[in-house]
S.K.: 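Sharing a structure, written as structure tokens. Questions coming.
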Number of protein chains: 2
Amino acid sequence: MTTNSWLTALQENGYRLTSARRAVVEKMAHTRTALNPLEVYDQTRAACPGLGLVTVYRTLEKLEELGLIQRVHQPGGCNAYLPSAHGHQHLLICRACGKAEYFEGDNLDEFFARVGQQNGFTISEHWLQLFGLCPTCQAK
Amino acid sequence: MTTNSWLTALQENGYRLTSARRAVVEKMAHTRTALNPLEVYDQTRAACPGLGLVTVYRTLEKLEELGLIQRVHQPGGCNAYLPSAHGHQHLLICRACGKAEYFEGDNLDEFFARVGQQNGFTISEHWLQLFGLCPTCQAK
DNA sequence: GCTATAATTGAAAAACGTTTTCATTATGAC
DNA sequence: GTCATAATGAAAACGTTTTTCAATTATAGC
């Protein structure tokens, strides 16, 4: 179960397991849509009533540091998070509801390296994201 | 000259030409590195002493609305702007100095459409950006 | 060129998201 | 159970962006 492996990862890195962290991890490990800190806060208070927004920020920070979640940049904002893809994958995001799918880019790395060479750049990272409407939001 | 065509575009859209706008346009039309509002402000005050930061924000907003500049998302922040590419191009950005190059993606659109289809999404936009070090910053 | 009108300006204040501070609480090792 | 200390939530601080507002300035019409 993902939740437990995330909690183990926190523990193995010297972080304590608290009810606040359990609740945030439970939410983030299973979300299929990108959530920003306030959304995580709102959707987690039911499971952890006393939860503070500050703690959400701090927990997201740790999960990102451990590579369990990743920040997602969208036209409407750049503070939402998703569970990280396994290996390097690219994102397909619904503009309406934030639902995300991962996809693989066949041999894009080769192309990216060539572009870098042609411009004299050394490439260290790339972002590839597609935006559109998911099946559910198309129907609305 | 780019500056004049930008000023004409502003005028044709009902905006007045002021010394503040001329100064910001002069700066943005020629920059090769992504600049955020504060950087534009600092680098434009010499040419327009009384300039206010608020006016920089408002002018950038109009230039973006007219499609003359585009917002650039980077690992370190998402509030910098570059002159827009002609046609749809992709970005190669230096992590150190913000210098940007545009490049074309051969037949990526076809690939993107296929990914959308496979997931039942209709694709309306895509972002492709490479990050690395430009020749100048590699030497440092 | 002069005037009238309305857009634009900069300063200050407000709003917003995020981070820091700090006293209190709770975890985990012993 | 005790203890050291990590983690918490409330409040305050912070930096960025937006709004408000009175004064200024560009432009169209004369």
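Proteins come first, then strands; the chains are lettered A, B, ... in the order of their sequence lines, and each starts at number 1.
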S.K.: Classify Asn79(B) by what it touches in the nucleic acid, base, sugar-phosphate, or nothing, heavy-atom distance under 4.0 Å.
M.R.: sugar-phosphate
S.K.: Inspect the contact between Lys99(A) and Glu101(A) and indicate whether a charged nitrogen and a carboxylate oxygen are less than 4.0 angstrom apart.
M.R.: yes
S.K.: What is the distance from CG of Asp42(B) to P of dT16(D), rounded to the nearest Å?
M.R.: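 Distance, rounded to whole Å: 11 Å.
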S.K.: Mapping Tyr57(B) and Leu17(B) to their closest nucleotides on DNA chain D, which lands nearer the 5' end?
M.R.: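 Result of the comparison: Tyr57(B).
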S.K.: Pick base, sugar-phosphate or nothing for Arg58(A), based on heavy-atom distances below 4.0 Å to the nucleic acid.
M.R.: base
S.K.: How is Leu38(B) classified with respect to the nucleic acid when contacts are heavy atoms under 4.0 Å: base, sugar-phosphate, or nothing?
M.R.: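 The residue Leu38(B) makes no contact with any strand.
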S.K.: With no hydrogens and no angle check, just 3.5 Å: does a side-chain donor-acceptor pair link Glu65(B) and Tyr15(B)?
M.R.: yes
S.K.: Categorize Glu61(A) for me: base, sugar-phosphate, or nothing, with a 4.0 angstrom heavy-atom threshold over every strand shown.
M.R.: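 It contacts nothing in the nucleic acid.
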S.K.: If you check the Val54(B) side chain, which of dT18(C), dT18(D), dT8(D) turns out closest?
M.R.: dT18(D)
S.K.: Quick one: do the Glu125(A) and Trp127(A) side chains pair a donor with an acceptor below 3.5 Å?
M.R.: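 Trp127(A) and Glu125(A) do have a side-chain donor-acceptor pair below 3.5 Å.
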S.K.: What distance separates His90(A) NE2 from Glu104(A) CD, expressed to the nearest 0.5 Å?
M.R.: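 Spacing of NE2 (His90(A)) from CD (Glu104(A)) equals 8.0 Å.
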S.K.: Heavy atoms from C-beta onward define the side chain here; which of dT25(D), dT18(C), dA7(D) lies closest to that of Arg16(B)?
M.R.: dT25(D)
S.K.: Please report, rounded to the nearest Å, how far the C1' atom of dT18(C) is from the CG atom of Asn36(A).
M.R.: 12 Å
